[in-house]
4 protein chains.
Amino acid sequence: MPPAKVPRWIRRPEERPQELLDAAIEVFSTNGYRATRLEQVAEAAGVTKGSIYYYFDSKEELLTQALQSRIGAIFGGIEGGGGGRRAEMPAADRLRAVLRSAWKHWCKPETARMHRLIMGELSIELPQLFDVAMRAGPMRVWQFVGEILRDGQKRGELGTHFDPHAAARFIVSGLMHQALLQTDLQERGLDDTPPDRIFETALEVLLHGILLAPAKRPTKKPPAAGRRRG
Amino acid sequence: MPPAKVPRWIRRPEERPQELLDAAIEVFSTNGYRATRLEQVAEAAGVTKGSIYYYFDSKEELLTQALQSRIGAIFGGIEGGGGGRRAEMPAADRLRAVLRSAWKHWCKPETARMHRLIMGELSIELPQLFDVAMRAGPMRVWQFVGEILRDGQKRGELGTHFDPHAAARFIVSGLMHQALLQTDLQERGLDDTPPDRIFETALEVLLHGILLAPAKRPTKKPPAAGRRRG
Amino acid sequence: MPPAKVPRWIRRPEERPQELLDAAIEVFSTNGYRATRLEQVAEAAGVTKGSIYYYFDSKEELLTQALQSRIGAIFGGIEGGGGGRRAEMPAADRLRAVLRSAWKHWCKPETARMHRLIMGELSIELPQLFDVAMRAGPMRVWQFVGEILRDGQKRGELGTHFDPHAAARFIVSGLMHQALLQTDLQERGLDDTPPDRIFETALEVLLHGILLAPAKRPTKKPPAAGRRRG
Amino acid sequence: MPPAKVPRWIRRPEERPQELLDAAIEVFSTNGYRATRLEQVAEAAGVTKGSIYYYFDSKEELLTQALQSRIGAIFGGIEGGGGGRRAEMPAADRLRAVLRSAWKHWCKPETARMHRLIMGELSIELPQLFDVAMRAGPMRVWQFVGEILRDGQKRGELGTHFDPHAAARFIVSGLMHQALLQTDLQERGLDDTPPDRIFETALEVLLHGILLAPAKRPTKKPPAAGRRRG
DNA sequence: TATGAATGAGATTTCATTCAT
DNA sequence: TATGAATGAAATCTCATTCAT
């Protein structure tokens, strides 16, 4: 009986690159880009250090491609949150649907970590790629949200007292940042607020504001944007 | 990864070290912690690499102390935003005062960069210190804001349809994150929205919500879909 | 450093390997042995890196065989320079014929480059093979030339005031080295002396010396340079 | 009694750089540039690998500076060979003096090895520096020799049947190349011709040529000044 | 036979840290 | 106190070589 020849390694030219990219994202996101040794990435991907260089020219190139391979996935699909017939839905409902979908996504630990990587080291190490990530990510979301808001204003569902674009930025940031913090804080037991509470409250505030809603109200200094009622 | 040291508040001599700490913050914030060579810090402080080790035990210790020496300054003074007799002011006014003060602060480039450092590498490299920074920073602000909100609710100035604590987190995050992005994006010419517009819109949305105001409005927290009017 | 292997004259298959050997000589000569990656050789030969190992055991072995496959060609054919009935020709004419043939050969860029490789890295990396190359190359030429000289002396055509062997070495080196430099210098535009001038002058000096000649002298084929008296 | 504190290393900021350069020349020349590990250079200089990088930016830079620090020394001093009142000496005597001085220098093993490095890898790796070395070395020598020759022609001491510049090149190359080979061959026992024999024969041939002189000619080796005719 | 994915030893380079001065 | 020369561990990267296919 011949000894079962177990190959020391196997060829997987199709899967390897993506596996390496996945491992890279995972490890870079978790440990930081500079703090990560290529060996850790290799190990996470189940290959040896040298193999990385068969597919990628350098650590930086690995980071670049790893992020690019995810940029679409990161924020993509968020627009789909409203379903097929979203144009017919009331703006508030569309908003809720889109933001909930985004929130869910941003709260996933790996998304949050990657987000941290992008906002942190990437903006320093690879500003160009950071730009791409920004445009493909937060900026796209807030543009999308901004359109829903403007749409709602046009249809008379939303007030015209606010700048829809600036409002979208505020909203998106509020949720993104909270999602990011959530991960860190909850992993460390510094916070046990249920994520849903944050989201629902944010939406409530967003829709109705915080002021008591009665007949009349003492509004101080109405800002730049349009006023409503008398 | 270092074995999560408990931050030591020991500071050795009194005179020069501060220059080193200032230089360290500046350089670490700008280039990233890992990416910074101690030589760069030394140069920025006008001393030589070796001297750093006269005052600090290690690069990590330098980072730790540098951040600690700033943590008070970073978020301190924000509470003072409302002036002396703030308890007597309407909640909305106090809110505006406090948030404006914070916003101004967060928008300063060096604050934003330091923020990036904290949210990015610090949370990985020195989680313990990150916790301290969180508690002394954003968490303190949102607690403070939360109190203003609850206060307003009690006094009948604000509605009770939202959780004041969760709302405070959303608000603070929205502004902090925008301030952070602002710096990066504007430095790269990716964005030219005037900071004030963001702030004013955020406040407007915060106070009044985005919905077209009807006659009267539901006072209780609507957990599910947003419904408007009665 | 390798343990000075005795060159093996084994050559495995017959067809493709020669292409590899040719490519190897070309690339090693141009870029240097150590500086050349096997991949470059493979590419030049139109195969892939792995294939080299089907035919050769190692980089060193490739170099060895590549050089061996050329050593004959390098200096071979030089003796033929004088034609068939050279023994009957005057020594001076035979010398001229042989040296001209050698000079032509040494001035070819690829020969010069290979020469550089041999005199440079080969003497360090594979001293044994260097010895072989020396014996098959310059030493053989200078022995051949030495014989012509001694022959001439015996026949009374040449003076006996010089050691024919030592003289042959000097002559051969003078031409080889100039040929080698020529290539490098002319490729870089550092020198534009026509090769022929060098050769003819060398021969003139060799035959007649540089001193002002006494009465008259039987000069054969006076080269480009100036003639003296009648 | 305190244990005699023997420092683990000592500071020698003045000597270090030159020591490193010397070690570099030595090791690079002996083993080849590519084949040498920086560790070997460090060891030869009595420091550690890292120290090299305190003084030099890279391996290439080390090679560059090492060679530059020698280029003057390599071929410098050769012109001085003829002593102070050389202009008054017969051309043949000056020639002999200069060439003997050069020959002595080129025959030193370390010079020969360095020469091999320059003609070999340097011409490939650092062509620019190779040019400098050529100009400062062989080209300068052959220009100098060429001037002596032309001078001798003008003064009627030497014949005008040869191009002095081209002749100088041939002569210089003949001696340089033989010196280079000598080292290699003799170290390996492939050659036991006494260096002096080569030199004296070369000079004899150079002065008188190899042809049988018409009338009579000195048969014995003329050790000192060149005398012409009988 | 040929390929090219994968390896692994080793080379260059970096840099926090030490220590003689 | 301050310097900066020197260290040494480790990181990135290279590439000859192996081996599954």
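Convention: sequence-line order gives letters A, B, ...; per-chain numbering from 1.
Set against F:dA2, F:dA6, F:dT12, the side chain of B:Tyr55 has F:dA2 as its closest nucleotide. Here E:dA2 is the nucleotide among E:dT17, E:dA2, E:dT12 with the atom lying nearest to any side-chain atom of C:Tyr54.
Between A:Leu67 and A:Phe28, every side-chain heavy-atom pair lies at or beyond the 4.5 Å cut-off. Inter-residue side-chain proximity for B:Ile124 and B:Phe130 is flagged as unmet; no heavy-atom pair is nearer than 4.5 Å. Between B:Leu126 and B:Glu121, every side-chain heavy-atom pair lies at or beyond the 4.5 Å cut-off. Using a 4.5 Å cut-off on side-chain heavy atoms (C-beta onward), D:Arg188 and C:Pro127 make contact. For the pair C:Ile118 and C:Met134, the minimum side-chain heavy-atom distance is below 4.5 Å. Contact check for A:Ser69 versus A:Gln18: side-chain heavy atoms found under the 4.5 Å cut-off. Here the side chains of C:Leu21 and C:Phe56 are in contact, with some heavy-atom distance below 4.5 Å.
The 5' end of DNA chain E is approached more closely, in terms of each residue's nearest nucleotide, by A:Gly50 than by the other of A:Gly50 and D:Gly50. Summary of the strand contacts: A:Trp9 and D:Arg34 both lie near DNA chain F, and taking for each the nucleotide with the nearest heavy atom, the more 5' one is attributed to D:Arg34.
When the side-chain nitrogen and oxygen atoms of A:Arg16 are compared with OP1 and OP2 of E:dA6, one or more of them lie within a distance under 4.0 Å. For F:dC13, one of the phosphate oxygens OP1 or OP2 lies less than 4.0 angstrom from a side-chain nitrogen or oxygen of A:Tyr53.
Applying the salt bridge (Lys or Arg N to Asp or Glu O under 4.0 Å) test to pairs two or more places apart or on separate chains, none has a residue in residues 46-55 of chain C. Counting only residues at least two apart or on different chains, the salt bridge (Lys or Arg N to Asp or Glu O under 4.0 Å) pairs with a member in residues 19-47 of chain D are D:Arg12-D:Glu19, D:Arg16-D:Glu19, D:Asp22-D:Arg70, D:Arg34-D:Glu125, D:Arg37-D:Glu39.
For B:Ile52 and E:dA16, the CD1 to P distance is 9 Å, given to the nearest whole Å. The separation between A:Ile10 atom CD1 and E:dT7 atom P is 10 Å, rounded to whole Å. Distance, D:Tyr33 OH to E:dA11 P: 14 Å, rounded to whole Å. Taking atom CZ of D:Arg37 as the reference point, atom C1' of F:dC13 lies 17 Å away to the nearest angstrom. In this structure, the NZ atom of B:Lys49 is 13 Å from the P atom of F:dT7, given to the nearest Å. To the nearest angstrom, P of F:dT17 lies 7 Å from CG of C:Leu38.
Base-pairing analysis of DNA chain E finds the following stems of at least three consecutive Watson-Crick or G-U pairs, with both pairing distances under 3.5 Å: E:2-21 with F:2-21.
For A:Glu187, the salt bridge (Lys or Arg N to Asp or Glu O under 4.0 Å) test picks out A:Arg113, with sequence neighbours left out. Scored by the side chain to side chain contact (heavy atoms under 4.5 Å, CB included) test, B:Thr48 finds B:Ser51 as partners (sequence neighbours excluded). Listed by chain and number, the residues in a side chain to side chain donor-acceptor pair (under 3.5 Å) with A:Ser123 are B:Arg116 (sequence neighbours excluded).
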Show me the donor-acceptor pairs within less than 3.5 Å that the side chains of residues 59-66 of chain A make with the rest of the protein, sequence neighbours left out.
unit_1  : atom_1 : unit_2  : atom_2 : d
A:Lys59 : NZ     : A:Tyr33 : O      : 3.0
A:Lys59 : NZ     : A:Thr36 : O      : 2.9
A:Glu61 : OE2    : A:Gln65 : NE2    : 2.7
A:Thr64 : OG1    : A:Glu60 : O      : 2.8

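Contact between A:Tyr53 and A:Ser58 at its shortest, heavy atoms only, is CE2-CA, 4.0 Å.
DNA chain F is contacted by D:Val47, D:Thr48 of residues 39-48 of chain D, taking any non-hydrogen atom closer than 4.0 Å. Residues from residues 120-127 of chain D placing a heavy atom under 4.0 Å of any atom in DNA chain E do not occur. Of the residues in residues 57-64 of chain D, those lying under 4.0 Å from DNA chain E by heavy-atom distance are D:Ser58, D:Lys59.
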